[in-house]
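Worth knowing before you read on, the calculation uses all heavy atoms, side chains too, and leaves out hydrogens, waters and symmetry mates. Chain naming here is simple, since letters A, B, ... match the order of the sequence lines and numbering starts at 1 in each.
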Protein chains: 2
Amino acid sequence: MASASPAPPRVSRRRRAALPSETRFDRRLAKILTYATDVFYEKGYEGASMRDLSRASGMSLAGMYYYFESKEKLLYLIQKHTFTTIVERLRERLKDVTDPEQRIRVFILNHLEYFLANQKAMKVLSHEDDVLKNGFGTEIAAIKREYYRICIELLDNLKRAKGLEFSSRIAVLSLFGMMNWIYTWHHPRVDADAGEMAEQMGNIFLQGVCASGKAQKKRSAN
Amino acid sequence: MASASPAPPRVSRRRRAALPSETRFDRRLAKILTYATDVFYEKGYEGASMRDLSRASGMSLAGMYYYFESKEKLLYLIQKHTFTTIVERLRERLKDVTDPEQRIRVFILNHLEYFLANQKAMKVLSHEDDVLKNGFGTEIAAIKREYYRICIELLDNLKRAKGLEFSSRIAVLSLFGMMNWIYTWHHPRVDADAGEMAEQMGNIFLQGVCASGKAQKKRSAN
DNA sequence: ATTTTTGTCGAACGTTCGTTCTAATAATAG
DNA sequence: CTATTATTAGAACGAACGTTCGACAAAAAT
């Protein structure tokens with residue numbers, strides 16, 4: 001498996017890379033990724049076998065390996081695509097907003113909207129956080145760190161604008177916890193949609209950090 | 001494997017259930033549970049093999065099955081013990097406090113203190129949430145629902161006492177998210193201890209729900 | 001001292017795992 | 001219509017899986 005395998009014939013990947021920019025290969029691979037996401041969502045990465053994945057995709061076990069070289073790479077592709085997309089969309093949305101508080105609300109809304117619209121993929125991203133090894137793992141970790149950085153900066157801006165004082169790290173990670181935990185309990189039938197959820201979590205979080213950040217020393221309140 | 005196996009000799013479990021109330025068997029089993037928790041923490045339930053567990057326990061593969069009848073039962077024992085203990089301690093602590101806000105702070109402190117003192121077990125409880133099937137699964141789910149109920153009641157009391165209005169469900173599950181997510185990021189060397197963490201998360205959450213629950217209709221704030 | 005019980009182990013069971021070989025088909029091009 | 005390339009599948013690989021068996025040592029009871 002490791003070292004230099006003597007056979008380079010496989011791994012053609014992109015056809016001629018010419019015009020259509022989305023080859024049949026790419027489209028089929030994307031389909032497989034979707035089916036695989038379903039299976040990983042239901043059984044977890046370790047619990048899902050390649051045979052489960054092939055059955056769900058309607059493709060033979062061997063046929064799968066024409067599209068990707070290992071189960072681990074498959075998980076990597078899912079995570080990379082999901083995470084890249086959510087960061088992309090966030091950057092787009094942040095362009096329109098300047099108010100520090102609103103920018104945080106945009107962050108929360110973007111996260112929850114994408115999370116609930118792609119719940120399965122986001123569970124696979126959140127839950128199978130530390131299963132990728134070596135190169136794959138570090139690449140996903142880098143995107144994660146970047147996403148974290150963005151949120152920290154948004155919060156630091158709010159602190160500066162409002163003269164607040166609190167630990168950005170704990171606040172941000174608490175916020176991530178609130179949002180990411182959703183995959184364990186949200187049911188579209190009974191729970192509110194992303195907009196409503198973002199409103200409420202935004203309220204709790206923003207009023208929380210604003211109020212608690214104001215009092216340098218503890219106040220007895222009333 | 002299924003059906004009525006002809007051999008009833010195994011499954012003696014508790015020795016004579018008499019005086020010492022903690023037999024050698026129980027003590028050895030508890031040790032194994034601790035080692036197993038470490039392994040599940042590192043590799044996940046599906047990713048950890050019985051051979052991994054036997055190696056960590058310093059006991060032969062076959063020897064393990066003298067103490068429990070399956071890998072799933074082992075996970076069940078870990079989760080049950082962990083969850084039961086945290087609820088027990090909570091009940092004890094709540095006896096001393098009557099103020100609704102303080103009771104919620106007690107809840108948070110109890111959760112975080114136990115979480116950080118037993119981080120591995122708590123990850124195994126949080127992360128391997130839906131892997132137990134049938135009887136095992138429903139029993140753990142029942143404790144979880146009970147724990148959730150307690151928290152909802154604490155929050156409803158606060159709402160009544162302060163005349164607040166917000167969704168208890170979203171608030172509680174947000175709080176659980178904040179707290180449980182810790183297992184993904186908390187490092188004892190760099191992050192604060194449970195008391196400090198409970199203080200800060202308690203601030204964010206309580207000020208958050210209090211402030212956001214006061215305004216029935218949205219205010220433009222400033 | 002010997003029987004019974006309690007604890008432990010090496011070896012193996014049958015099954016499933018991720019992956020690969022080989023060869024046959026479908027699509028595309030000349 | 002052939003040559004070529006992209007795509008699929010059957011069968012098998014060795015390794016690892018959870019679990020069980022039967023024999024055996026240590027401890028406790030008689």
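- Rounded to an integer number of Å, the gap from B:L74 CG to D:dC17 P is 15 Å.
- If you measure from atom CG of B:L29 to atom C1' of C:dT8, you get 16 Å, rounded to the nearest angstrom.
- Taking the six-membered ring where the residue is Trp, A:F115 and A:H111 present tilted rings, their angle falling between 30° and 60°.
- Between D:dT8 and A:Y66, no contact under 4.0 Å exists linking OP1 or OP2 to a side-chain N or O.
- Ring orientation note: the planes of A:Y148 and A:F176 are tilted relative to one another, at an angle of 30° to 60°.
- A sub-4.0 Å separation between OP1 or OP2 of D:dC17 and a side-chain N or O of B:S49 is present.
- When distances are taken from the side chain of B:R24 to each of D:dA27, C:dA27, D:dG10, the shortest belongs to D:dA27.
- One can place CD of B:E72 at 18 Å from P of D:dC17, the figure rounded to the nearest angstrom.
- In this pair, B:H127 and B:Y183 present their aromatic rings perpendicular. The plane angle is above 60°, beyond the 30 to 60° band.
- Side-chain nitrogen and oxygen atoms of B:R28 include none within less than 4.0 Å of the OP1 or OP2 phosphate oxygen of C:dT6.
- Closest to the side chain of A:M50, from the set C:dT8, C:dT19, D:dT7, is C:dT19.
- Figure legend: cation-pi geometry between A:K123 and A:Y41, with NZ or CZ positioned under 6.0 Å from the six-membered ring centre and within 45° of its axis.
- Atom CZ of A:F25 is separated from atom P of D:dT5 by 17 Å (rounded to the nearest Å).
- As rounded to whole Å, 10 Å separates atom P of C:dG7 from atom CZ of B:R27.
- In summary, B:K144 and B:E139 do not engage in a salt bridge, as defined by a charged side-chain N under 4.0 Å from a carboxylate O.
- The nucleotide whose nearest atom lies closest to any side-chain atom of A:K71 is, among C:dG18, D:dT8, C:dT8, C:dG18.
- Residue B:R51 is in base contact, counting any heavy-atom pair closer than 4.0 Å across all strands shown.
- To the nearest angstrom, P of D:dA12 lies 14 Å from CG of A:L61.
- Distances shorter than 4.0 Å separate some side-chain N or O of B:Y65 from OP1 or OP2 on D:dT19.
- Nucleotide C:dT20 holds its P atom 18 Å from the OH atom of A:Y67, rounded to whole Å.
- Residue B:I32 contributes atom CD1, which lies 10 Å from atom P of C:dC9 at whole-angstrom precision.
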